[in-house]
Amino acid sequence: MSLDELYKEIILEHYQRPRNRGRLEEPTIATRGHNPLCGDEVELSLLIGDDRIERAAFTGRGCSISQASASMLTEVVTGQPLAAARATASAFRAMMTGDGPPPAANEELAALQGVKRYPVRVKCALLPWTALEEALALYEKRA
Ligand code: ZN
């Protein structure tokens with residue numbers, strides 16, 4: 001199996017069996033993202049306690065890239081201290097928009113870099129991460 005095929009497999013697997021899909025009953029914070037180019041929608045809810053993301057969940061619809069990216073995101077940030085979650089989001093953005101290496105937090109995230117060849121799809125991959133960055137910024141303002 002080529003690396004490309006492996007990456008596609010990982011994305012498809014997350015799309016078909018999304019992790020942490022749903023809404024948290026009492027989230028600390030929830031944000032939404034919309035990508036008009038593709039029609040993707042993601043709603044992210046986070047339970048934050050002790051400066052750490054205790055739980056993360058998402059709902060949404062759209063292309064496999066946006067939904068797989070959201071699924072991976074919730075898996076990666078669950079349990080992360082806020083500073084680490086912020087660093088993961090920046091690293092992911094740097095990978096998708098430049099030459100940054102895949103975030104160290106989770107090797108599956110590397111699968112999304114295959115999307116970089118399709119600039120329109122980069123927005124799909126980033127959508128949930130933008131929602132995460134917004135959520136963390138909102139939380140900070142509130143605190
Ligand atoms: Zn999309």
Side-chain angles (χ1 to χ4, degrees), residues 3-4 6-143:
L3 193 57
D4 243 26
L6 176 67
Y7 283 170
K8 273 186 199 141
E9 197 103 317
I10 292 172
I11 291 169
L12 200 64
E13 206 271 327
H14 272 272
Y15 180 57
Q16 290 171 339
R17 292 200 312 114
R19 321 295 197 268
N20 307 302
R21 193 172 170 86
R23 282 193 179 90
L24 298 181
E25 269 176 34
E26 288 178 31
T28 310
I29 211 144
T31 50
R32 279 164 189 273
H34 178 227
N35 173 14
L37 287 175
C38 189
D40 302 323
E41 285 170 21
V42 166
E43 186 186 321
L44 183 69
S45 50
L46 303 176
L47 183 68
I48 298 172
D50 226 1
D51 261 349
R52 181 178 293 274
I53 297 178
E54 293 177 345
R55 290 185 64 196
F58 83 99
T59 60
R61 59 199 170 107
C63 70
S64 58
I65 305 296
S66 65
Q67 304 303 304
S69 183
S71 170
M72 288 184 204
L73 179 153
T74 60
E75 211 171 33
V76 175
V77 303
T78 297
Q80 274 193 330
L82 298 183
R86 230 174 269 125
T88 304
S90 319
F92 184 76
R93 186 173 290 282
M95 175 185 82
M96 293 307 296
T97 59
D99 292 326
N106 182 307
E107 56 189 21
E108 284 192 331
L109 290 174
L112 287 161
Q113 64 186 330
V115 169
K116 278 164 71 169
R117 272 171 288 160
Y118 315 99
V120 174
R121 289 309 180 108
V122 169
K123 283 204 164 48
C124 304
L126 284 174
L127 183 68
W129 296 87
T130 304
L132 173 67
E133 288 167 337
E134 278 172 17
L136 294 177
L138 277 173
Y139 178 76
E140 224 169 57
K141 248 188 231 166
R142 200 196 271 179

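Hydrogens, waters and symmetry mates play no part in the numbers below; they use all other heavy atoms, side chains included.
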Atom pair CD1 (I29) and CG (L46), whose distance is rounded to the nearest 0.5 Å: 7.5 Å
Derivation of the side chain to side chain contact (heavy atoms under 4.5 Å, CB included) call for I65 and V120: CA-CA 11 Å; I65 305 296; V120 174; over 6 Å; no
Main-chain N/O of P36 paired with K123 side-chain donor or acceptor, under 3.5 Å: no
Distance (rounded to the nearest 0.5 Å) between Y139 OH and T31 OG1: 14.5 Å
Heavy atoms of other groups near D4 CG, more than 12 under 6.0 Å: yes
Option from L44, L109, V42 for which side chain to side chain contact (heavy atoms under 4.5 Å, CB included) with W129 holds: L109
Residue pair C124 / Y118, side-chain heavy-atom distance below 4.5 Å: no
Least distance between heavy atoms, A125 atom then M96 atom: CB-CE, 3.8 Å
Contact check, side chains of T28 and R142, non-hydrogen atoms, under 4.5 Å: yes
Set of side chain to side chain donor-acceptor pair (under 3.5 Å) partners for Y7, sequence neighbours left out: Q113
Sequence-distant partners of R23, salt bridge (Lys or Arg N to Asp or Glu O under 4.0 Å), two or more places apart: E43
Listed partners of D50 passing side chain to side chain donor-acceptor pair (under 3.5 Å), at least two apart: none
Set of residues satisfying side chain to side chain donor-acceptor pair (under 3.5 Å) with respect to E140, sequence neighbours excluded: R86
For residues 71-82, which side-chain donor-acceptor pairs fall under 3.5 Å, sequence neighbours excluded?
{"residue": "S71", "atom": "OG", "partner": "H14", "partner atom": "ND1", "Å": "2.7"}
{"residue": "S71", "atom": "OG", "partner": "R19", "partner atom": "N", "Å": "2.9"}
{"residue": "T74", "atom": "OG1", "partner": "R19", "partner atom": "O", "Å": "3.4"}
{"residue": "T74", "atom": "OG1", "partner": "N20", "partner atom": "ND2", "Å": "3.0"}
{"residue": "T74", "atom": "OG1", "partner": "S71", "partner atom": "O", "Å": "2.8"}
{"residue": "E75", "atom": "OE2", "partner": "R19", "partner atom": "NE", "Å": "3.4"}
{"residue": "T78", "atom": "OG1", "partner": "T74", "partner atom": "O", "Å": "2.6"}
{"residue": "Q80", "atom": "OE1", "partner": "A85", "partner atom": "N", "Å": "3.4"}
{"residue": "Q80", "atom": "OE1", "partner": "T88", "partner atom": "OG1", "Å": "3.4"}
{"residue": "Q80", "atom": "NE2", "partner": "T88", "partner atom": "OG1", "Å": "3.1"}

Side chain to side chain, R32 and E134, heavy atoms closer than 4.5 Å: no
Over all atoms of both residues, closest heavy-atom pair of E26 and L47: O-CD1, 3.5 Å
Pair L126-F92, side chain to side chain contact (heavy atoms under 4.5 Å, CB included): steps then yes or no: CA-CA 8 Å; L126 284 174; F92 184 76; 3.9 Å; yes
Residues in salt bridge (Lys or Arg N to Asp or Glu O under 4.0 Å) contact with R121, at least two apart in sequence or another chain: none
Donor-acceptor pair, side chain of S45 and main chain of L24, under 3.5 angstrom: yes
R55 and I48, any side-chain heavy atoms less than 4.5 Å apart: no
Where M95 and P102 come nearest, the two heavy atoms and their spacing: SD-CA, 3.5 Å
Heavy-atom donor-acceptor pair, K141 side chain to L136 backbone, under 3.5 Å: no
Heavy-atom pair of closest approach, residues V115 and V122: CG1-N, 3.9 Å
Side chain D40, main chain C63, donor-acceptor under 3.5 Å: yes
Qualifying residue for side-chain hydrogen bond (donor to acceptor under 3.5 Å, both in side chains) with E41, from R61, Q67, H34: R61
Rounded distance (nearest 0.5 Å) linking atom OG of S66 with atom CG of L127: 6.5 Å
